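One structure is given below, encoded as structure tokens.
Values below: every heavy atom of this structure, side chains too, minus hydrogens, waters and symmetry copies. Remember, predicted model here, so these are calculated numbers, not experimental data. Letters A, B, ... mirror the listed sequences (proteins, then strands); counts begin at 1.
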Amino acid sequence: MAFDSLKTRILETADSLGGAAIMLADVAGWMFRKPDGLDNLFKQMVRVGVESVPIVVLSALFTGMVLALQSGVASMKLFNQPVFMGTLVSFTMVLELGPVLTALVVAGRVGASITAELGTMRVSEQLDALYTLGTTPERYLVTPLFISMLIMLPSLTLFADLIGILGGYIVTVYSFEIPGSVYINDVLSHLQIVHFAHGLIKAFFFGFIIVTVSCYRGLTTSGGAEGVGRSTTGAVVVSMVLILVSDYFLTVLLNALGII
Amino acid sequence: MIRVRGLKKHLAGKWVLNGLDIDIMDREIFTLLGGSGEGKSVFLKNLTGLMKPDGGTINIDGTEITELSAKKLHKIQTQIGMMFQGGALFDSMTVGDNVAFGMRRLTDYSREKISRMVKKYLEMVGLDGTEDKLPESLSIGMRRRVALARAIATRPRYILYDEPTTGLDPITTDVVCDLFLELQKELDVTSVIVTHDLKTAYKVSSRIGLLYEGKIVAAYDTESFRKSDNPYVKQFIRGNRNGPMKAKNGQESVL
Ligand SMILES: Nc1ncnc2c1ncn2[C@@H]1O[C@H](COP(=O)(O)OP(=O)(O)OP(=O)(O)O)[C@@H](O)[C@H]1O
Ligand SMILES: [Mg+2]
């Protein structure tokens with residue numbers, strides 16, 4: 001019995017992977033061709049990128065602040081003075097928390113809304129209608145979402161990195177009363193372009209995960225409003241888990257390649 | 001012409017279509033009647049390639065569509081206009097953009113011409129002045145008519161209508177029926193209408209078929225259909241629950 005349900009699970013997963021691969025091949029074909037409606041691409045860019053700015057700023061700012069606070073307090077205990085706060089905050093943000101936090105926030109906010117929208121269009125036959133009106137869901141909806149996500153998630157991440165470092169600056173200067181120049185010097189003397197590359201490559205992959213999962217789950221929704229709800233939660237959970245798991249392996253890989 | 005042979009579709013644990021044969025001739029209006037849940041919508045979706053059949057063949061103008069690659073199938077799909085039962089209007093777009101959507105992709109009309117045509121088609125379905133409204137602000141009957149306008153706007157070779165007059169008042173129904181006849185005269189178009197509304201069927205069809213248990217149990221020209229002695233047809237026209245067709249929904253077991 002347990003074996004049977006495991007077997008079904010495995011078959012289902014294989015089926016999803018196959019379906020997602022077909023979707024990806026289709027999207028790859030459309031990606032570099034003239035977009036089906038520039039206004040639509042623009043709309044998706046705004047939805048994925050611009051509308052995520054407030055929540056990304058908020059989470060990055062407080063993350064930078066708490067990093068500075070923790071490292072300040074810890075180094076006070078160890079060395080009786082706060083040291084290397086700029087270095088710690090900037091490395092943690094740029095290499096790790098910038099990409100991961102931004103991706104998690106975007107998976108919850110944008111990924112969910114992508115799945116819900118595509119799922120609703122599926123169950124109300126709007127996706128079917130596209131075929132008879134000269135386009136396909138992959139071309140008209142999924143491709144612009146891919147382009148937007150692959151551009152916007154790294155951009156948002158870069159933005160989050162900077163805001164996080166700013167958050168660290170605020171706490172360092174105002175709570176620990178260390179001169180701003182010391183913090184900035186800590187940041188600039190150690191941080192290099194390659195560290196940003198490390199984080200942004202991760203962000204690119206996370207964007208790919210989010211948009212693939214949420215589009216695929218949306219397109220394959222069935223079962224009315226309840227089905228839309230199921231797909232949406234499913235997409236967010238799967239995206240988040242994949243982001244956290246792949247983060248480790250990406251770090252290993254980037255390390256091996258010397259991008260760190 | 002569309003030639004369907006032995007079409008089968010298995011859904012939700014039963015054979016919804018079970019060896020369906022029908023020919024749909026060029027430039028005719030073929031109406032398919034059938035009870036609720038008999039698979040009329042499923043039939044239309046198979047014709048457009050939106051659903052893959054589990055058996056049988058569908059030949060459209062000499063091309064066997066059940067074996068086509070997605071790309072080639074899409075070429076054929078663009079020649080088929082479909083009015084979906086639920087309307088399937090794009091709810092994030094205005095009524096005008098909905099009607100213009102296919103024209104922008106399948107015709108080489110200029111911007112001006114498209115907005116002129118949108119006006120014209122909306123007028124044809126009695127909805128002039130609704131271009132800038134969102135579908136959600138329209139009644140269900142109005143949405144159906146927008147869907148109708150959207151389906152005919154690309155001037156497809158085939159137009160499939162899923163319950164075009166259901167839920168419309170008798171006068172609007174009459175307007176829509178006239179629209180079908182007008183289109184038929186004006187365009188080189190073949191129509192398939194799915195409905196359970198006999199009045200519409202009689203008024204517009206050149207031929208009427210009856211779907212029961214996954215097969216076409218009768219298909220005659222309109223006059224012969226009305227007078228037919230076929231027991232299925234007689235039962236359907238009279239609306240009698242006793243006859244060769246069994247009422248669905250387990251009505252028998254209630255008492
Ligand atoms: N996507 C689907 N998945 C599973 N079953 C389906 C699907 N679409 C239709 N069915 C089933 O197929 C049968 C026929 O449905 P269909 O919608 O074609 O009926 P219909 O003749 O159009 O009815 P109505 O006149 O009420 O619109 C129904 O039993 C329905 O439950
Ligand atoms: Mg139906």
At a 4.5 Å cut-off on heavy atoms, which part of [X] comes close to chain A: side chain, backbone, both, or neither?
X: B:Lys45; answer: side chain
X: B:Arg104; answer: neither
X: B:Ile80; answer: backbone
X: B:Met51; answer: neither
X: B:Leu89; answer: backbone

Heavy-atom count check: over 12 atoms from other residues, nucleotides or ligands less than 6.0 Å from [X] [atom1]?
X: B:Tyr109; atom1: OH; answer: yes
X: B:Lys52; atom1: NZ; answer: yes
X: A:Leu253; atom1: CG; answer: yes
X: B:Lys72; atom1: NZ; answer: no

Which heavy atom of A:Ala129 sits nearest a heavy atom of B:Phe84, and at what distance? CA-CE1, 3.5 Å
Closest non-hydrogen atoms of A:Leu133 and B:Leu106, given as atom of the first, atom of the second and distance, are C-CD1, 3.8 Å
When only heavy atoms count and the cut-off is under 4.5 Å, which of [range] reach chain B?
range: residues 135-150 of chain A; value: A:Thr135, A:Thr136, A:Tyr140
range: residues 12-43 of chain A; value: A:Asp36, A:Lys43
range: residues 104-127 of chain A; value: A:Met121, A:Ser124, A:Glu125, A:Gln126

Nearest-0.5 Å distance, CG of residue A:Asp128 to CG of residue B:Leu44: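 The CG atom of B:Leu44 is 12.0 Å from CG of A:Asp128, to the nearest 0.5 Å.
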B:Phe101 CZ to A:Leu130 CG distance, which is reported to the nearest 0.5 Å: 5.0 Å
Ring pair (Phe, Tyr, Trp, His ring centres under 6.0 Å) involving A:Tyr216 - partner list, sequence neighbours excluded: none
Is any side-chain heavy atom of B:Leu50 closer than 4.5 Å to one of A:Tyr131?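 Sidechains of B:Leu50 and A:Tyr131: in contact.
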